[in-house]
Amino acid sequence: MRKRKKELLEFGNQEAQDKLIQLAAEDRPTFSHWSKEAFYRYALYLSTKVDGDWMAVFLFQADSLRLGGRKPRYIVFLDRKEKDFITYDLLYGKWREATLEKLVPVAYKFCDQIFVPKEEEQMLKTFFDSDKSGAWPVYNFQMGVRKAQLEQRHRRETDPWDQDLKEVNEAYPKDWKSWLGRYAVRQQFIFYQYKKNVREGYCSWCRKWVPVSEPRHNKMGRCQKCGSKIQYKATGRAGSFATEPDIAYLLQRCGERVVLRQFQVRVFYRPEEYLKPVIACWEKVRLLLDEQMKEHVYGYDIYKNQSLRWIRINVDGKAVRHWYETPGAVYRRTLPALNRTFMKKTGFYEMAQDRRIFDAVNYLSYQSEHPYLERLVKAGLLPFAEELVKSNTLLEIGEHGELGKCLKIDRQLLKRMRRMGGGIDCLQWLQMEKRQGKKISDDTIGWFLKQKITPSSVSFVSDRMSAVQISNYLKRQEKEMKKGCRQVLETWKDYLSMAGKLGMDVSDPIVYRTGKLQKRHNEAVCLLEKKNLEEEAEKMSRRYPKVSEVYREIRGKYEYLEDEKYAVIVPTNLYEVMEEGRTLHHCVGNQERYYDRINRQESYILFLRRKDNLKQAFYTLEVEPGGTIRQKRKEYDRQGKEIEELTLFLKKWQTAVRKRLVPMDEILEKKSRELRTEEFDRMKKEKIVIRGGDYAGKLLADVLRKDLIESSREESGKAA
């Protein structure tokens, strides 16, 4: 149609008849209160012309017809045979591909704005074989064309996918549903009659009647027959319920490739039919692998907001991992035959034989990029391989024929790692043993692993002490300081860092292996306070160059002098921040983590002052972008009796700050909140306890959470 535009214009040479002009003259316009634009009952008047499979729809504007004009504004050409249409705009002399709703003033009621005479309406119904009235047959035809064009564009993408999946065997193994109910579904039950002195129940795993002892509805237990973990369900009380979704994997041959199919599985139980549950499964992911281990990953999802279908979920050659990072049970009966051919060099068979539940799709996806995974699995390093797959860690492995040397250890250390069932951290400790040439016992490594201490976390002292010496020192200090091991480690690291800044010889055992770590740490803090503050501040400013700029940017938002009694002051540079910390004798004066947070705009250090003495240090605030207050402390990390009054003032200040924020502050606020939550969760998990001061014996995470004064739009609105 688009190649015959000249011919179309000759065919569309038609003017308005007198009847349309008369009808338009009777259509009196109305005018809006806010503009001089005229509104007609009908914006356009329609007439048609047909020639075989062609139709020309002429659309005349009402105001033009009222003035005696006979030329149409638009001509819509429709080809019934070729299923195509195109519009010519006579006012601008341009061709358009717009549908009817784009040609009227109010798009959502376009057909109501087009006047169609009765004889023309019948013409449209006959031509398009439609029972719709008005201009709807034209619009429906156009929408059908658009839909076909869209489907054709989509097929350019989806047809190769469908061709790729054509050889997938949609059938299930004969025992598939039975296997799902027993091995893939993790929730198993024992059903018993709700009565006194019940002696037996039906185990969903055994699929037999088994003895029970004092069952209670929804109580967890174990089957006395098979030992499976079960939940008791009284048949008179359970009602209808279903298991939580579980994952199952089915590996099959697919032409010259293999396909790993991931299913979501649930079991539905209904009253009176508990012994005959309905096992349902939905296929979610398909991973196809060829002989070169090139992967094609497909997920069953909504395509282009149109329909559910299989869609490719590879991005730049790598699959989107969140689609399938789910452990599940692997159907084993198809594996022996595949292991003799295609899957022989993947280690998948060995992993499935040892692990009933594992992340099968992620395993093959990882193995396709890192072939060394097969060697690890076949060498019996299954926990190590599983951890690599789960964390998607790239292993630095050498080219030696011997696996121990590839892992930068030796054969004997490899045997130890296999015996210990070690993972990534275990390998790092064995590599450290190999580098230093000093034996690290299994018990020592096990202790480090239990404390979640890696070689990198003790690298600040491992060049002077062996692993055994480090562990013994940490154990002694743990008892001496009455702190958790990780907290002792951080204190030790901070102490040596401060000792180096003070010019002490950190290679001297008296310094780096001091017997009174907490005491020496506190002394180092005091000594640092005595150093030249300007020199130290200048050094920190070079390391964190954005601090002064950050303070200049936020001064107008966070500084607050409007209250009669208190004020919030924004410092100018790191010198003032360090001076504040040392004046009030708390850690802001010498802990770089605060400077780093300011530099990255995770949080800011601000000063709370009395209005009658703005130069005297009173309280130090750690404030997040957005105004949330993490900490508020006066001298020696304390809070005074005035804290309730100060809290009311700080909420008033937060209200003022909220009104000054810009969108970038909200982005910084969200990121800061996430980092703070992660830090608090870690402190809570490690059970870090405050040993001294007003909060001695309390969990640090609980104290910090209680100290928070959240700032939000809702709270600001209420305060306002």
Can you name the residues that form a side-chain hydrogen bond (donor to acceptor under 3.5 Å, both in side chains) with Asp290, not counting sequence neighbours?
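side-chain hydrogen bond (donor to acceptor under 3.5 Å, both in side chains) check on Asp290 returns nothing, list empty.
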So that I can tick it off, tell me whether [Y] and [X] are bridged by a salt bridge, with the cut-off set at under 4.0 angstrom between side-chain N and carboxylate O.
X: Lys684; Y: Asp702; value: yes
X: Asp410; Y: Lys434; value: yes
X: Glu374; Y: Lys378; value: yes
X: Glu396; Y: Lys408; value: yes
X: Lys671; Y: Glu678; value: no
X: Arg673; Y: Glu669; value: yes
X: Glu200; Y: Lys225; value: no

Hey, is the main chain of [Y] close enough, under 3.5 Å, to the side chain of [X] for a donor-acceptor pair?
X: Gln487; Y: Glu686; value: no
X: Arg356; Y: Tyr183; value: yes
X: Tyr298; Y: Asp164; value: no
X: Arg464; Y: Phe460; value: yes
X: Arg222; Y: Gly227; value: yes
X: Gln431; Y: Leu407; value: yes
X: Thr158; Y: His154; value: yes
X: Glu433; Y: Ile440; value: yes
X: Ser603; Y: Arg597; value: no
X: Asn472; Y: Val468; value: yes

So, using salt bridge (charged side-chain N to carboxylate O under 4.0 Å, His left out) as the criterion, who are the partners of [X] when residues are at least two apart?
X: Arg411; result: Glu402
X: Asp246; result: Arg186
X: Asp354; result: none

Proximity of Tyr249 and Tyr363 rings by center, below 6.0 Å:
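Between Tyr363 and Tyr249, which both carry aromatic rings, the centre distance is not below 6.0 Å.
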Are Tyr300 and Trp282 close enough that their ring centres sit under 6.0 Å apart?
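Aromatic pair excluded; centres sit 6.0 Å or further apart.
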What's the spacing between [X] [atom1] and [Y] [atom2] if we round to 0.5 Å?
X: Glu624; Y: Arg676; atom1: CD; atom2: CZ; value: 4.0 Å
X: Cys223; Y: Ile190; atom1: SG; atom2: CD1; value: 4.5 Å
X: Asp425; Y: Glu387; atom1: CG; atom2: CD; value: 6.0 Å
X: Tyr202; Y: Lys208; atom1: OH; atom2: NZ; value: 10.0 Å

Apply ring-ring contact (aromatic ring centres under 6.0 Å, His included) to the pair Phe358 and Phe348, showing each step before the final yes or no.
CA-CA 11 Å; Phe358 73 101; Phe348 187 86; 5.5 Å; yes
Heavy-atom check, side chain of Leu395 versus side chain of Leu427, under 4.5 Å
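Side chain of Leu395 against side chain of Leu427, heavy atoms only: contact under 4.5 Å found.
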Name the orientation class of the two ring planes belonging to Trp179 and Trp176 (parallel below 30°, tilted from 30 to 60°, perpendicular beyond 60°).
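Ring orientation of Trp179 relative to Trp176: parallel.
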What residue pairs, at least two apart or across chains, pass ring-ring contact (aromatic ring centres under 6.0 Å, His included) with a residue in residues 221-244?
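The answer is Phe189-Phe241, Phe241-Tyr269.
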ring-ring contact (aromatic ring centres under 6.0 Å, His included): which pairs involve residues 421-440, sequence neighbours left out?
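Sorted result for residues 421-440: Trp429-Phe448.
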Minimum-distance pair of heavy atoms, taken over all atoms of Gln469 and Met465
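Shortest heavy-atom separation between Gln469 and Met465 comes out as OE1-CA, 3.3 Å.
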Show your reasoning for whether side chain to side chain contact (heavy atoms under 4.5 Å, CB included) applies to Arg416 and Ile445.
CA-CA 11 Å; Arg416 283 179 61 193; Ile445 293 177; 3.7 Å; yes
